[in-house]
Protein chains: 2
Amino acid sequence: MLAPAPPPDRCSCHGLRKATRHLTQFYDRHLHPVGLNIGQYALIGRLAARGPIAMTAFAEVMGMDRTTLGRNLHPLERDGLVTIAPDPEDRRSRRLALTVEGQARLAAARPLWSAAQDDLECRFGADRAQALRVLLAELLATDLA
Amino acid sequence: MLAPAPPPDRCSCHGLRKATRHLTQFYDRHLHPVGLNIGQYALIGRLAARGPIAMTAFAEVMGMDRTTLGRNLHPLERDGLVTIAPDPEDRRSRRLALTVEGQARLAAARPLWSAAQDDLECRFGADRAQALRVLLAELLATDLA
DNA sequence: TTGCAATAGGTGTATATACGCCTATTTTGC
DNA sequence: GCAAAATAGGCGTATATACACCTATTGCAA
């Protein structure tokens with residue numbers, strides 16, 4: 001028999017933050033062998049898809065603060081996975097791009113991410129995982145300003 | 001007509017993290033007038049309910065890493081909202097307790113938290129907020145070891 | 001064309017998060 | 001009663017997060 005579910009947090013935000021800590025550690029463990037955490041994996045994965053892109057535009061894509069993105073890129077740049085180059089078209093702007101090494105690291109990480117995703121759906125239930133993703137996307141789309 | 005919802009993140013973890021950033025900023029804005037963020041509000045709120053308690057036990061209650069809890073308590077201790085006192089029964093242990101000033105701050109923050117909660121339910125929908133809280137509690141109860 | 005508003009991004013500061021390793025203390029097994 | 005195991009917690013380090021404020025550059029309008 002399943003463990004009885006605890007009462008949900010009255011505070012939506014605290015429940016969300018707690019669950020995020022829980023799940024982040026889970027994904028980080030899965031990705032540990034390739035030396036990436038889930039935040040870094042998400043960054044390079046999305047950067048691979050969105051090609052060379054400016055910082056502010058990419059921060060928008062990632063749903064993160066511009067300055068947070070800038071700081072999170074430092075370890076990736078230091079390790080040679082991404083490049084941050086001045087844009088000749090607009091000298092204020094800097095273009096983010098994945099290096100060949102970054103692409104290789106992403107390719108190495110993909111199976112581990114996929115295994116984490118499968119493992120989660122096995123433990124939590126594919127239907128509930130899907131329902132959660134949809135609710136979170138709707139929350140993201142909600143204007144909270 | 002409502003904005004069309006974006007496709008949900010394929011990655012449950014990234015969707016969760018993004019939503020957490022979004023919602024944390026929303027609650028932090030609401031709580032800003034009393035000089036607390038949502039993490040600190042959750043800490044002192046739960047500490048008020050769970051009385052004097054040891055660090056590891058409280059970390060378990062909060063669903064956070066023991067060392068994270070210790071570091072998060074420092075600003076609250078510095079500002080006189082909580083005390084961290086040695087336990088005479090067990091000299092390894094330290095007892096966390098809310099000060100009178102901490103109780104006052106909590107009382108001042110409660111209406112702001114409540115307004116944030118109401119504001120969220122108004123924008124996102126009370127039914128969806130409830131469904132999200134339930135799913136998150138179930139995720140928390142899922143063994144991911 | 002020039003001066004100002006808008007935009008791109010960085011920096012300083014503060015808090016949040018957690019892993020690995022450490023010390024101190026208590027408990028337990030013999 | 002003592003040595004080993006278990007437990008409580010701190011510290012070093014690294015990354016994550018975001019606000020306020022700053023500079024540089026671009027675009028626009030009088």
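So that the names make sense, note that chain A is the first sequence line, chain B the second, and so on, each numbered from 1.
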Does a side-chain N or O of [X] approach OP1 or OP2 of [N] to a distance below 4.0 Å, or not?
X	N	answer
S93(A)	dG9(C)	yes
T56(B)	dG9(D)	yes
N37(A)	dT15(D)	no
T68(B)	dA18(C)	yes
N72(A)	dT17(D)	yes
R71(A)	dG9(C)	no
R21(B)	dT17(C)	no
Q25(A)	dT17(C)	no
R94(A)	dG10(C)	yes

Does a side-chain heavy-atom distance below 4.5 Å link R95(B) with I84(B)?
-> no

Between [atom2] on [N] and [atom1] on [X], what's the gap in Å once rounded to a whole number?
X	N	atom1	atom2	value
D28(B)	dA18(D)	CG	P	9 Å
R91(B)	dG10(D)	CZ	C1'	17 Å
L69(A)	dT15(D)	CG	C1'	14 Å
D65(A)	dT13(C)	CG	P	18 Å
L43(B)	dT17(C)	CG	C1'	13 Å
D87(A)	dA24(D)	CG	P	19 Å
Y41(B)	dA16(C)	OH	P	16 Å
R17(A)	dA18(C)	CZ	P	10 Å

R66(A) vs D90(A), nearer the 5' end of DNA chain D by closest nucleotide = R66(A)

Report the residue (Q40(A) or H32(B)) whose heavy-atom-nearest nucleotide on DNA chain D is the more 5′ of the two.
-> Q40(A)

Could you tell me whether R78(A) contacts a base, only the sugar-phosphate backbone, or nothing, with contacts defined as non-hydrogen atoms closer than 4.0 Å?
-> sugar-phosphate

Remember a base hit wins even if backbone is also touched, and classify R95(A) as base, sugar-phosphate or nothing at under 4.0 Å, heavy atoms.
-> nothing

First encountered from the 5' end of DNA chain C, between H74(A) and G63(B) = H74(A)

DNA chain C: 5'-proximal contact among P75(B) and T24(A) (nearest heavy atom) | P75(B)

With L136(A) as reference, evaluate L16(B), D9(B), L23(B) under the side chain to side chain contact (heavy atoms under 4.5 Å, CB included) test and give the passing residue.
-> L16(B)

Per the side chain to side chain contact (heavy atoms under 4.5 Å, CB included) rule, which among D143(A), L135(A), L144(A) passes with F124(B)?
-> L135(A)

State whether a side-chain donor-acceptor pair under 3.5 Å links S12(B) with R133(A).
-> yes

Below 3.5 Å, does any donor atom in the side chain of T67(B) face an acceptor in the base of dC19(C), or the other way round?
-> yes

Under the 3.5 Å rule, do the base of dT7(C) and the side chain of R92(A) count as making a donor-acceptor pair?
-> yes

Should F26(A) and H30(A) be marked as a ring-ring contact (aromatic ring centres under 6.0 Å, His included) after you check the CA-CA gap, both sets of side-chain angles, and the distance that decides it?
-> CA-CA 7 Å; F26(A) 174 73; H30(A) 271 279; 4.8 Å; yes

Taking only Lys NZ, Arg NE, NH1 and NH2, and the carboxylate oxygens of Asp or Glu, determine whether D119(B) and R123(B) approach each other closer than 4.0 Å.
-> yes

